[in-house]
Engineer: 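Take a look at this one; I'll ask things after.
Protein chains get the first letters and strands the later ones, always in sequence-line order, with residue 1 at the start of each.
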Number of protein chains: 2
Amino acid sequence: MAVTAQNAEVVIDPRGESTRTRILDSAEYLFSEHGVNGASLRTVVAHAGVNTAAVHYHFGSKKGLLEAVFARRTITIAEERLNLLEECREGEGRPPLLQQIISAFLEPGMRDATFARLRARMAADASDETRALMARYFDHSSGQFLLALAEALPHLPPRDLHWRFHFMLGTMVYTMANPRRIQALTNNACDPSDMEASLDYLVPFLAQGFEAAPIPNAPTNIEPMLKIDRSKPHEEG
Amino acid sequence: MAVTAQNAEVVIDPRGESTRTRILDSAEYLFSEHGVNGASLRTVVAHAGVNTAAVHYHFGSKKGLLEAVFARRTITIAEERLNLLEECREGEGRPPLLQQIISAFLEPGMRDATFARLRARMAADASDETRALMARYFDHSSGQFLLALAEALPHLPPRDLHWRFHFMLGTMVYTMANPRRIQALTNNACDPSDMEASLDYLVPFLAQGFEAAPIPNAPTNIEPMLKIDRSKPHEEG
DNA sequence: TTTCAGCTTAAACAAACGCTTGATTGAGTC
DNA sequence: GACTCAATCAAGCGTTTGTTTAAGCTGAAA
C-alpha cells in the first residue's frame, strides 16, 4: 500500500521511478486512444507532466517507450494465461474442457481495457516490426494453447485448428478494440467494456465454432505440423 | 472520346481523371500498408507520380482523400452484399441458409485484400471520426443482414444475435488485417490472402458459432430492440 | 562540506508534416 | 487569335515531429 500526492510519494526512488511509471501510464493511455503514430511524444509528456528528454533518458526512443509499455503488461498476461491453463489441467477430468481453455486464453488479456485497445491497434498495424514485437511476447503462450486445444479436439486436423485459433484472436482483438461500435449498433445494450459480460457471450460462441466439423476438401497439399514447444516465453531485446 | 499521350489513354478527361485515380490507387495502397497516419501525402504523391497540390485540388485535404478512397470501394461492396442477400432469398428454400447469409456478408468485402487491410486498420482506429465514416457506409447493409440473420435464427434473442454479429465482424477484420501472422504461426500453411480458402474455413466456423445455444442468464436488464431499416444506404458528405 | 551519479530541465536541432501560393500549361469557345 | 478555365507545377508557408544538447537540481556517500 502506498500514500501519494501531498504527503508521501511512495516507496522506492521517488524521483526516477515515478517519472518512469507516469510516462508509461500516459503513453499506454494515449497510444491506445490515438494510436502510436497519432500520439506524439509531446502530448505524452504533457499528459504525464514531465519533460520531453525524460522519455529519451528512460527509454531511449519512442520505439523503446512502446516496447516498455508493451512489455509491462504482456509479461503478466502471458504468465496468467499459463497459470490458468495449468488450473484447467488439474481440474476435474484430465482432458480440460474446451470452454475452460478458451476462457483461460482470453480472460487475462481482457481485464485491462486500455491495454487491450492498444493491442488491437498493434494487431491491425501489420508492419514487420510490430508483428515481431507481438510474436516475441505472445508466441510461446499461443503455442501452449494450440497444444491444449489439439488435446481437447483430437479429431480436428491441425490446419483447421490453426484457422480457428486465428479466428479466435480476431474476435478477441476486435471486441477489445471497438467497444463503441457494437454499443452504437445495439442501442447501448451490448457493452464490451464490461469484459466479464463479453466473455460470457464470447466463450460459448468460440467453443461452438471450434467444435464444427473439419473442412473436408484439402485444396492443395498436405497438412502442416504444429510449430511449438520453444522453452523460453520471451527474450529481452 | 479523347486521345492523348503516345497512343490512347482511355476515355474521358485524360489529364484530370488519370491523376485522380492514380492518387486514389497509391493512397489506398500506402494507407493500407502503413496506416493513414503512417503514410504521408508526400509519399503518396511520389508513389503516384503527381504533385502535392493535386491532392488538395481533387480531394481538399488528406481526410477528404481518405474518404474518397473509402467511398470508391465501399459503395460497391455494400451493393454486392445486398445483391447476394437477395439471391439467398430467391434460392431454394424460402428462409435462406445461415451459411449463405454469412457468405454473402463476408465475400464482397474480402475480394480486394488491399482495401480489406485498410478497413481493418480503420476498424482498429476507434476514433469518433473514423467510426462515423465507417458507420455511414456500412450501417445500412449491416442492418439488413441482422434482419436476415434474425430470420434464420428465430429462437436467438437479439442480444445474443448482436454479440455474435460483432464477433463475426471481428474474425473478418482480423483475417483481412493480418495475413502474415497466421502464416508465420502455421509455417505458411494457412494463407489468408487466398480469400476463397479463408472463406471456406471461416463461414462454417461462424455458422456453428451462431447456432450455439443462447446465453441463459440476463445479468442486468431487458433485451434491446433491433435498430435498423433506414432506407438510404448512405448519404454523401 | 565537498563530491558525484542520478535525474530533470529549458532550449534548440534538423527533418518531415499538411497545406497554400502564384505561375504555367493546354484543350475548348467565341 | 484572344480568352476561359480546369489541371498541374515548383516553391515555400507555418507547424509539429523525434531527438539532442548542455546546464541545473537533488540526495546520499565520502
Side-chain angles (χ1 to χ4, degrees), chain A residues 7-28 30-31 33-70 125 127 129-130 133, chain B residues 1-28 30-31 33-70 125 127 129-130 133:
Chain A
N7 294 344
E9 186 115 2
V10 209
V11 259
I12 323 177
D13 183 345
R15 304 217 291 147
E17 203 49 40
S18 86
T19 305
R20 225 186 99 94
T21 61
R22 276 218 308 281
I23 293 173
L24 283 175
D25 291 341
S26 295
E28 180 176 272
L30 292 168
F31 285 173
E33 203 72 7
H34 306 107
V36 178
N37 273 334
S40 71
L41 280 185
R42 278 172 171 78
T43 68
V44 170
V45 300
H47 187 273
V50 302
N51 190 271
T52 318
V55 172
H56 294 92
Y57 176 81
H58 285 287
F59 306 103
S61 67
K62 190 182 186 182
K63 195 162 69 178
L65 171 60
L66 173 63
E67 171 136 9
V69 167
F70 198 70
D125 169 33
S127 76
E129 234 171 305
T130 305
L133 178 62
Chain B
M1 306 246 175
V3 194
T4 61
Q6 318 292 14
N7 292 345
E9 186 119 359
V10 208
V11 263
I12 322 177
D13 183 343
R15 303 218 289 150
E17 203 47 41
S18 87
T19 306
R20 224 187 100 93
T21 60
R22 276 217 309 280
I23 294 174
L24 283 175
D25 291 341
S26 295
E28 180 176 272
L30 292 169
F31 285 172
E33 202 72 7
H34 306 107
V36 179
N37 273 334
S40 71
L41 282 184
R42 281 173 169 80
T43 68
V44 170
V45 299
H47 186 273
V50 302
N51 191 270
T52 317
V55 171
H56 295 92
Y57 176 80
H58 285 288
F59 305 103
S61 66
K62 191 182 185 183
K63 194 163 69 178
L65 171 58
L66 173 62
E67 170 136 9
V69 166
F70 198 71
D125 170 31
S127 75
E129 233 172 306
T130 305
L133 177 62

Engineer: Between the two end axes of the helix from C:dT1-D:dA30 to C:dC30-D:dG1, each built from 5 base pairs, what angle do you get to the nearest 10°?
Structural biologist: 10°
Engineer: Please assess B:His56 against B:Leu41 for the test side chain to side chain contact (heavy atoms under 4.5 Å, CB included), listing each intermediate value before the final yes or no.
Structural biologist: CA-CA 10 Å; B:His56 295 92; B:Leu41 282 184; 3.6 Å; yes
Engineer: Please round to the nearest 0.5 Å and tell me the distance separating atom CZ of B:Phe70 and atom CG of B:Leu133.
Structural biologist: 5.0 Å
Engineer: When you get a sec, tell me which of C:dA10, D:dT8, C:dT8 is the closest nucleotide to the side chain of A:Tyr57?
Structural biologist: C:dT8
Engineer: Do A:Tyr57 and A:Thr19 have side-chain heavy atoms sitting under 4.5 Å apart?
Structural biologist: no
Engineer: Check whether any side-chain nitrogen or oxygen of B:His58 sits under 4.0 Å from OP1 or OP2 of D:dT8, and answer yes or no.
Structural biologist: yes
Engineer: What is the separation between atom CG on B:Asn51 and atom P on C:dA23, rounded to the nearest whole Å?
Structural biologist: 16 Å
Engineer: Reading DNA chain C from 5' onward, which residue's closest nucleotide shows up sooner: B:Ala53 or A:Val50?
Structural biologist: A:Val50
Engineer: Only pairs under 3.5 Å count here: list side-chain donor-acceptor contacts from residues 43-52 of chain B, not counting sequence neighbours, and write none if there are none.
Structural biologist:
unit_1  : atom_1 : unit_2  : atom_2 : d
B:Thr43 : OG1    : B:Ser40 : N      : 3.4
B:Thr43 : OG1    : B:Ser40 : O      : 2.8
B:His47 : ND1    : B:Ser26 : OG     : 2.8
B:Asn51 : OD1    : B:Ala53 : N      : 2.9

Engineer: At under 4.0 Å, does any side-chain N or O of A:His56 touch on OP1 or OP2 of D:dT20?
Structural biologist: no
Engineer: Within the structure provided, determine whether A:Phe59 and A:Arg20 are in side-chain contact (heavy-atom separation under 4.5 Å).
Structural biologist: yes
Engineer: Report yes if some heavy atom in the side chain of B:Asp125 is under 4.5 Å from a heavy atom in the side chain of B:Asn37; otherwise report no.
Structural biologist: no
Engineer: Without decimals, in angstroms, what is the distance between B:Phe59 CZ and D:dA6 C1'?
Structural biologist: 15 Å
Engineer: Write down the distance between CZ (A:Arg22) and C1' (C:dT8), rounded to a whole number of angstrom.
Structural biologist: 11 Å
Engineer: Which protein N or O atoms sit under 3.5 Å from an N or O of nucleotides 14-17 of chain C?
Structural biologist:
unit_1 : atom_1 : unit_2  : atom_2 : d
C:dC17 : OP1    : B:Ser40 : OG     : 3.0
C:dC17 : N4     : B:Arg42 : NH2    : 3.3

Engineer: Using side-chain heavy atoms (C-beta onward) and a distance below 4.5 Å, is A:Thr130 in contact with A:Val36?
Structural biologist: no
Engineer: Contact between B:Val69 and B:Asp25 at the side-chain level, heavy atoms closer than 4.5 Å - yes or no?
Structural biologist: no
Engineer: State which of C:dC19, D:dT19, D:dA10 makes the closest approach to the side chain of B:Ser61.
Structural biologist: C:dC19
